[in-house]
Amino acid sequence: MDEKCGVVGVSLSDRAAARPLYYALYALQHRGQESAGIITHDGFQQHSHVEMGLVGDAFDPDDIAELNGSNGIGHVRYPTAGSVDTACAQPFSVSFKSGSLGLSHNGNLVNAGALRDELAGMGHAFTSDGDTEVIAHDLARNLLDADLVTAVEETMATVHGSYSLAVMHDDRVLGLRDPQGNRPLCLGELDDGYVLASESAAIDALDGELIRDVEPGELVVLDPDGTGYESHRLTDPDNTARCFFEHVYFARPDSTVDGKLVYEARRELGRGLWAENGIDTDVVMPVPDSGRAFASGYAEAANEDDGSVEFAEGLMKNRYVGRTFIMPSQDERERAVRLKLNPIKSTVEGKTVTLIDDSIVRGTTSTQLVELLHDVGAAEVHLRIGSPPIVAPCYMGIDMASRDELIAAGKTVEEVREVIGADSLGYLSPASIADALDTAREDLCMGCVTGEYPYDIDGEETDRAVSRPVIGD
């Protein structure tokens with residue numbers, strides 16, 4: 001399961017934007033490790049630095065010093081649409097008759113191909129195969145004949161899919177969230193300006209204060225002098241399609257996403273997991289780090305329910321090994337599990353164990369961990385998962401593998417349990433997800449666990465009345 005991306009934009013009154021953008025990207029590094037970039041504008045011209053690699057490797061002090069201007073946007077990327085090279089690294093920039101544009105995009109367009117073909121037929125030349133460049137060219141086209149807000153509104157009516165954007169038009173920074181609000185975006189205030197970011201942890205890193213989430217279908221335009229912002233609600237859909245997986249896995253636990261602290265949401269999900277699939281065992285332990293808050297809530301609920309469950313750290317993490325889901329091959333993923341997690345034998349030996357994780361995707365990690373705990377003497381290993389079975393791919397910005405690679409696709413829970421080798425297996429239901437997030441089920445995107453999507457995707461079912469825009473009318 002590959003990462004989504006992280007976007008940020010700042011407008012400051014009297015200091016350079018580059019260093020705050022750099023710090024904010026560090027806070028969003030978990031959302032993408034493939035490339036990092038910053039674009040600034042000094043009131044006269046645009047400055048850009050984009051490199052492959054982690055934030056700390058992509059920039060040196062000279063790079064930061066050369067990014068002049070008090071307004072800018074930044075991006076960290078893991079590719080879910082487009083190739084893995086500098087051509088698709090972001091922010092993407094383009095110059096045209098009405099000025100310069102820079103775009104940072106988190107999400108994935110469903111109709112990028114059709115829109116690219118139309119723009120190419122009009123003479124637009126593309127330098128990458130990513131969908132961000134498609135948005136940039138469409139917005140540039142609209143800006144030739146319309147004011148900024150109208151141009152954005154016209155582009156929003158043309159593109160179909162998930163997106164949260166940090167955009168720079170000359171020295172003006174914008175934040176835009178798609179009408180369904182699938183990808184997160186929030187607004188914060190600094191002592192000397194304003195910031196837009198994928199997660200509030202980036203605002204915290206700048207000693208700022210979270211103001212609120214950018215609403216689905218909302219355009220926020222920051223004043224170039226850092227003194228304020230404008231809000232334009234361009235659409236007001238009946239239902240949203242917020243990605244539930246932000247709270248389950250992707251967002252930092254110290255971030256607030258859609259009004260909910262992620263750490264508390266995960267604890268609530270853990271409590272729901274006990275209510276639906278609780279089992280009395282000697283020890284409850286998380287898969288670090290993603291299962292920790294779930295396991296805390298699960299154990300707390302178990303003990304409130306007249307249990308005597310011990311919450312323990314039974315697996316120790318080697319923090320110098322990356323996330324196993326983003327290793328490029330299956331063999332490397334399997335090897336990384338052994339390198340990454342080592343059991344504490346005294347916590348496990350001779351005991352019944354409940355192992356808690358956020359999700360099962362391919363099943364590689366879960367299978368190896370169950371085997372590992374049995375090998376060090378666990379009497380029983382019961383696996384509990386803080387999300388429903390993942391049975392379908394994600395088309396909205398998470399590279400969650402094909403159906404052929406998803407262990408739960410086409411299998412019952414019992415069949416998955418047999419493959420993994422656990423003594424029992426329990427998942428959280430979609431209804432409990434909605435309850436824990438205090439969100440109506442119809443306002444969440446759960447395509448990966450239902451196979452029904454909030455966008456018009458070729459060959460897939462939808463969970464609402466929706467159709468993509470007709471290109472070329």
Side-chain angles (χ1 to χ4, degrees), residues 1-9 20-38 51-59 73-80 84 89-91 104-108 162 164 166 182-186 188 195-206 208 210 242-258 260-266 269 286-294 317-328 333 336 340-341 357-359 361 365 386-387 394 396-400:
M1 179 162 42
D2 295 333
E3 294 303 283
K4 295 178 293 189
C5 301
V7 306
V8 63
L21 287 166
Y22 174 75
Y23 294 147
L25 292 181
Y26 250 115
L28 297 174
Q29 183 75 88
H30 61 289
R31 298 187 70 88
Q33 298 85 43
E34 184 259 334
S35 66
I38 291 173
E51 290 286 347
M52 305 299 291
L54 300 173
V55 175
D57 299 323
F59 298 91
I73 60 174
H75 190 268
V76 288
R77 179 176 187 257
Y78 201 99
T80 57
V84 185
Q90 298 182 38
S104 294
H105 175 206
N106 173 206
N108 198 45
S162 66
S164 280
N182 189 255
R183 303 269 73 85
L185 191 65
C186 58
V195 56
L196 293 154
S198 291
E199 295 182 32
S200 63
I203 299 171
D204 296 337
L206 303 182
L210 173 66
R242 304 170 196 262
C243 175
F244 83 95
F245 229 74
E246 288 287 346
H247 285 96
V248 166
Y249 178 74
F250 279 110
R252 280 176 45 159
D254 54 334
S255 285
T256 297
V257 173
D258 288 326
K260 188 86 171 179
L261 180 65
V262 173
Y263 176 77
E264 290 300 332
R266 289 176 184 167
L269 292 167
V287 176
D289 292 316
S290 55
R292 185 167 286 119
F294 295 89
K317 184 176 181 179
N318 177 356
R319 300 186 183 280
Y320 294 94
V321 178
R323 289 185 175 184
T324 55
F325 288 146
I326 65 172
M327 299 298 170
R333 279 191 290 271
K340 183 178 179 181
L341 295 169
D357 206 356
D358 60 275
S359 58
V361 183
T365 301
S387 62
C394 176
M396 277 70 77
I398 310 172
D399 187 9
M400 203 177 272

*Asks:* Just how far is it from atom OG1 of T365 to atom CG of L341, taken to the nearest 0.5 Å?
*Replies:*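 One finds 8.0 Å between OG1 of T365 and CG of L341.
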*Asks:* Start with the C-alpha gap between S359 and F245, add the side-chain angles, then the distance that decides, and say whether side chain to side chain contact (heavy atoms under 4.5 Å, CB included) holds.
*Replies:* CA-CA 9 Å; S359 58; F245 229 74; 3.7 Å; yes
*Asks:* Between F59 and Y22, what is the ring plane arrangement, given parallel below 30°, perpendicular above 60°, and tilted in between?
*Replies:*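 If you compare the ring of F59 with that of Y22, the planes turn out perpendicular.
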*Asks:* What is the minimum heavy-atom distance between G32 and V76, and which atoms define it?
*Replies:*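 Result for this residue pair: O-CB, 3.6 Å.
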*Asks:* Which heavy atom of E246 sits nearest a heavy atom of V262, and at what distance?
*Replies:*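 Closest heavy-atom pair between E246 and V262: O-CG1, 4.4 Å.
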*Asks:* Kindly give the heavy-atom pair with the smallest separation between V257 and P184, and that separation in Å.
*Replies:*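 Reported closest heavy-atom pair: CG1-CB, 4.0 Å.
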*Asks:* Once side chain to side chain contact (heavy atoms under 4.5 Å, CB included) is applied, do any residues pair with A58, and if so which ones, sequence neighbours excluded?
*Replies:*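 Once residues adjacent in sequence are excluded, the partners of A58 under the side chain to side chain contact (heavy atoms under 4.5 Å, CB included) criterion are A36, E51.
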*Asks:* How long is the straight-line distance from CG of D204 back to CG of L210, given to the nearest 0.5 Å?
*Replies:*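 With rounding to 0.5 Å, CG (L210) is 8.0 Å from CG (D204).
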*Asks:* Are L28 and E199 close enough, and set up right, to give a side chain to side chain contact (heavy atoms under 4.5 Å, CB included), and what steps lead you there?
*Replies:* CA-CA 7 Å; L28 297 174; E199 295 182 32; 3.9 Å; yes
*Asks:* Check A166 against I73 and note the closest heavy-atom contact, atom names and distance.
*Replies:*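 Looks like O-CD1, 3.5 Å.
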*Asks:* Test your reading of the model: is there a side-chain donor-acceptor pair from S290 to the backbone of Y249, 3.5 Å cut-off?
*Replies:*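 No.
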*Asks:* For residues A202 and A197, report the shortest heavy-atom separation together with the two atoms involved.
*Replies:*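 Closest approach of A202 to A197: CB-CB, 3.8 Å.
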*Asks:* With rounding to the nearest 0.5 angstrom, report the CG to CD1 distance, L196 to I203.
*Replies:*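 Those atoms lie 8.0 Å apart.
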*Asks:* Could you tell me whether the side chain of S200 and the main chain of T256 form a donor-acceptor pair under 3.5 Å?
*Replies:*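 Here the side-chain-to-backbone pair exists.
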*Asks:* Tell me every residue that passes side chain to side chain contact (heavy atoms under 4.5 Å, CB included) with P286, counting only those two or more places apart in sequence or in another chain.
*Replies:*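 Partners of P286 under the side chain to side chain contact (heavy atoms under 4.5 Å, CB included) test: R292, A295, F311, E313.
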*Asks:* Report yes or no: does S164 contribute a side-chain atom to a donor-acceptor pair with the main-chain N or O of R183 at less than 3.5 Å?
*Replies:*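 Side chain of S164 to backbone of R183, a donor-acceptor pair under 3.5 Å: yes, one is there.
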*Asks:* Using 0.5 Å steps for rounding, measure from the CG atom of D258 to the CZ atom of F244.
*Replies:*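 Going from CG on D258 over to CZ on F244, the span is 14.0 Å.
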*Asks:* Verify, without hydrogens or angle tests, whether R252 (side chain) and A27 (backbone) share a donor-acceptor contact under 3.5 angstrom.
*Replies:*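 Yes, the answer is positive, given that a donor and an acceptor are paired below the 3.5 Å cut-off.
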*Asks:* Measure the spacing between CG of L54 and CD of E34 and express it to the nearest 0.5 Å.
*Replies:*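 Reported value, rounded in 0.5 Å steps: 10.5 Å.
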*Asks:* Examine distances only and state if a side-chain atom of H75 and a backbone atom of C5 form a donor-acceptor pair shorter than 3.5 Å.
*Replies:*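 Absent.
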*Asks:* For side chain to side chain contact (heavy atoms under 4.5 Å, CB included), just list the numbers for L25 and V8, CA-CA rounded to whole Å, side-chain angles, deciding distance to a tenth of an Å, and then say yes or no.
*Replies:* CA-CA 7 Å; L25 292 181; V8 63; 3.7 Å; yes
*Asks:* Does the side chain to side chain contact (heavy atoms under 4.5 Å, CB included) test come out yes or no for H247 and R266, once each step is laid out?
*Replies:* CA-CA 7 Å; H247 285 96; R266 289 176 184 167; 5.6 Å; no
*Asks:* Would you say Q90's side chain and H105's backbone share a donor-acceptor pair under 3.5 angstrom?
*Replies:*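 Checked: pair present.
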